[in-house]
Amino acid sequence: MSVVKSTLSDDARKVVGEALQGALVDLVDLSLVAKQVHWNIIGPRFRSVHLQLDDVVDTARAYADTVAERASAIGVSPDGRAETVAKTSGIDTVQDNWIKDAEVVRVVTDALGAVIARMRERIRVTDEPDPVSQDILIGLTADLEKHHWMFQAESA
């Protein structure tokens, strides 16, 4: 059931809705992973990586809201519940307890890489049915790729 009537066809709404839902889940999980390692990082690069993680969280949270609101605008109910995120995210889980700064950099670089790969597929599938949603995904992916580059530079 859709309370909001979309300007997209039913087929286009289904494709785009799935892309936006997947993006939402990955962004919620990325923000949680980044915060988890943010709270538990230790090592000589603590401060610089700690602050860099806040930037990732800010990006993920801002775009999660944008993506969820776009889904609502096209008549798709967004689902950011913990259960949904746990079942469908493309990000590996992180260890509990303290985590060395070099491991944090690796974990976040890998998480960003996984999300970017999934976003690029979402960009591809939304090209024809909804360039507006595709544009949001393109901007998001550009920002994620910037974070990915910066974390890769941390491990060089």
Side-chain angles (χ1 to χ4, degrees), residues 4 15-74 76-127 130-156:
V4 176
V15 168
V16 175
E18 288 173 1
L20 293 171
Q21 177 59 37
L24 175 62
V25 164
D26 283 349
L27 290 167
V28 170
D29 200 20
L30 180 62
S31 73
L32 294 172
V33 165
K35 266 303 181 189
Q36 179 64 26
V37 296
H38 169 91
W39 296 321
N40 288 285
I41 185 173
I42 56 173
R45 294 184 295 168
F46 166 83
R47 181 152 174 75
S48 63
V49 176
H50 184 81
L51 294 173
Q52 201 173 348
L53 289 163
D54 278 334
D55 292 340
V56 172
V57 171
D58 290 346
T59 296
R61 287 180 177 170
Y63 272 104
D65 194 50
T66 298
V67 165
E69 289 176 353
R70 178 63 187 161
S72 294
I74 65 165
V76 174
S77 174
D79 185 356
R81 296 173 300 153
E83 177 183 5
T84 303
V85 172
K87 285 181 181 177
T88 59
S89 173
I91 302 174
D92 290 336
T93 59
V94 296
Q95 71 183 53
D96 61 350
N97 218 325
W98 307 113
I99 183 168
K100 291 281 198 178
D101 51 7
E103 180 63 8
V104 167
V105 169
R106 187 200 61 75
V107 164
V108 175
T109 301
D110 290 352
L112 286 164
V115 172
I116 290 165
R118 289 165 56 111
M119 290 301 173
R120 286 194 162 275
E121 177 58 20
R122 293 172 184 128
I123 289 168
R124 188 188 67 72
V125 301
T126 56
D127 177 39
D130 187 21
V132 175
S133 294
Q134 184 194 45
D135 185 57
I136 292 168
L137 296 172
I138 289 169
L140 161 59
T141 303
D143 285 351
L144 293 176
E145 287 178 341
K146 182 177 177 182
H147 290 303
H148 189 249
W149 155 59
M150 291 182 173
F151 273 94
Q152 285 180 316
E154 282 282 341
S155 61

- When every non-hydrogen atom of Trp39 is compared with those of Trp98, the smallest separation belongs to O-CZ3, 3.9 Å
- Using atom types as modelled and distance alone, determine if a side-chain donor or acceptor of Asp130 lies under 3.5 Å from a backbone N or O of Thr126. no
- Task: Kindly say whether Gly22 contributes a backbone atom to a donor-acceptor pair with the side chain of Arg122 at under 3.5 angstrom?
- Result: yes
- Quick check: are there more than 12 heavy atoms from other residues, nucleotides or ligands sitting under 6.0 Å from CG of Asp92? no
- Between Asp29 and Ala86, is there a donor-acceptor pair closer than 3.5 Å when you use the side chain of the first and the backbone of the second? no
- Item | Check: Val85 main-chain N/O paired with Ser89 side-chain donor or acceptor under 3.5 Å | no
- Message: By the definition side chain to side chain contact (heavy atoms under 4.5 Å, CB included), identify the one residue from Asp26, Leu32, Val25 that meets it with Val28.
- Response: Leu32
- Give, for atom CD of Glu69 and atom CD1 of Ile74, the distance between the pair rounded to the nearest 0.5 Å. 13.5 Å
- Task: To the nearest 0.5 angstrom, please state how far the OG atom of Ser31 sits from the CG atom of Leu53.
- Result: 12.0 Å
- Between CZ of Arg47 and CG of Asp101, what distance do you get to the nearest 0.5 Å? 14.5 Å
- Decide side-chain contact (heavy atoms from CB on, under 4.5 Å) for Val105 and Arg45; before the verdict, give the C-alpha distance in whole Å, the side-chain angles of both, and the deciding distance to 0.1 Å. CA-CA 10 Å; Val105 169; Arg45 294 184 295 168; 4.1 Å; yes
- Step-by-step salt bridge (charged side-chain N to carboxylate O under 4.0 Å, His left out) determination, Glu121 to Arg124: CA-CA 5 Å; Glu121 177 58 20; Arg124 188 188 67 72; 2.5 Å; yes
- Query: Between His148 and Thr109, do the side chains contain an N or O donor and an N or O acceptor separated by less than 3.5 Å?
  - Reply: no
- Any side-chain heavy-atom pair of Gln134 and Val16 under 4.5 Å: no
- Message: Could you measure the distance from the CG atom of Asp127 to the CD1 atom of Ile123? Nearest 0.5 Å is fine.
- Response: 10.0 Å
- Side chain to side chain, Leu24 and Tyr63, heavy atoms closer than 4.5 Å: no
- Message: A side-chain contact here means heavy atoms from C-beta on lying under 4.5 Å apart; do Val56 and Leu30 qualify?
- Response: yes
- Task: Locate the shortest heavy-atom distance separating Val33 from Ile91; write the atom from each residue and the value.
- Result: CG2-CG2, 4.0 Å
- Roughly how far, to the nearest 0.5 Å, is CG of Asp79 from OG1 of Thr84? 3.0 Å
- Message: Tell me which pairs pass salt bridge (Lys or Arg N to Asp or Glu O under 4.0 Å) where either residue lies in residues 138-151, with sequence neighbours left out.
- Response: Arg120-Glu145
- Message: Heavy-atom count check: over 12 atoms from other residues, nucleotides or ligands less than 6.0 Å from Lys100 NZ?
- Response: no
- Message: Test salt bridge (charged side-chain N to carboxylate O under 4.0 Å, His left out) on Arg61 and Asp65; report intermediate values, then the result.
- Response: CA-CA 6 Å; Arg61 287 180 177 170; Asp65 194 50; over 6 Å; no
- Note on the structure: The reported gap from CE in Met150 to OG in Ser48 (rounded to nearest 0.5 angstrom) is 12.5 Å
- Item | Leu27 vs Leu140 side-chain heavy atoms within contact, under 4.5 Å | yes
- Does Arg106 come within less than 4.0 Å of Glu103, counting only side-chain N to carboxylate O? yes
- Does any non-hydrogen side-chain atom of Gln52 lie less than 4.5 Å from one of Glu154? yes
- Item | Ser72 side chain near Pro78 side chain, heavy-atom distance below 4.5 Å | yes
- Between Ser133 and Arg70, the two heavy atoms sitting closest are OG-NE, 3.0 Å
- Would you sort out whether Gln95 and Ile99 count as a side-chain contact (heavy atoms from CB on, under 4.5 Å), showing the intermediate values? CA-CA 8 Å; Gln95 71 183 53; Ile99 183 168; 3.7 Å; yes
- Message: Please give me the minimum heavy-atom distance between Val37 and Val108, naming the atom from each residue.
- Response: CG2-CG2, 3.9 Å
- Query: Would you call Met119 and Leu144 a side-chain contact if the rule is heavy atoms closer than 4.5 Å?
  - Reply: yes
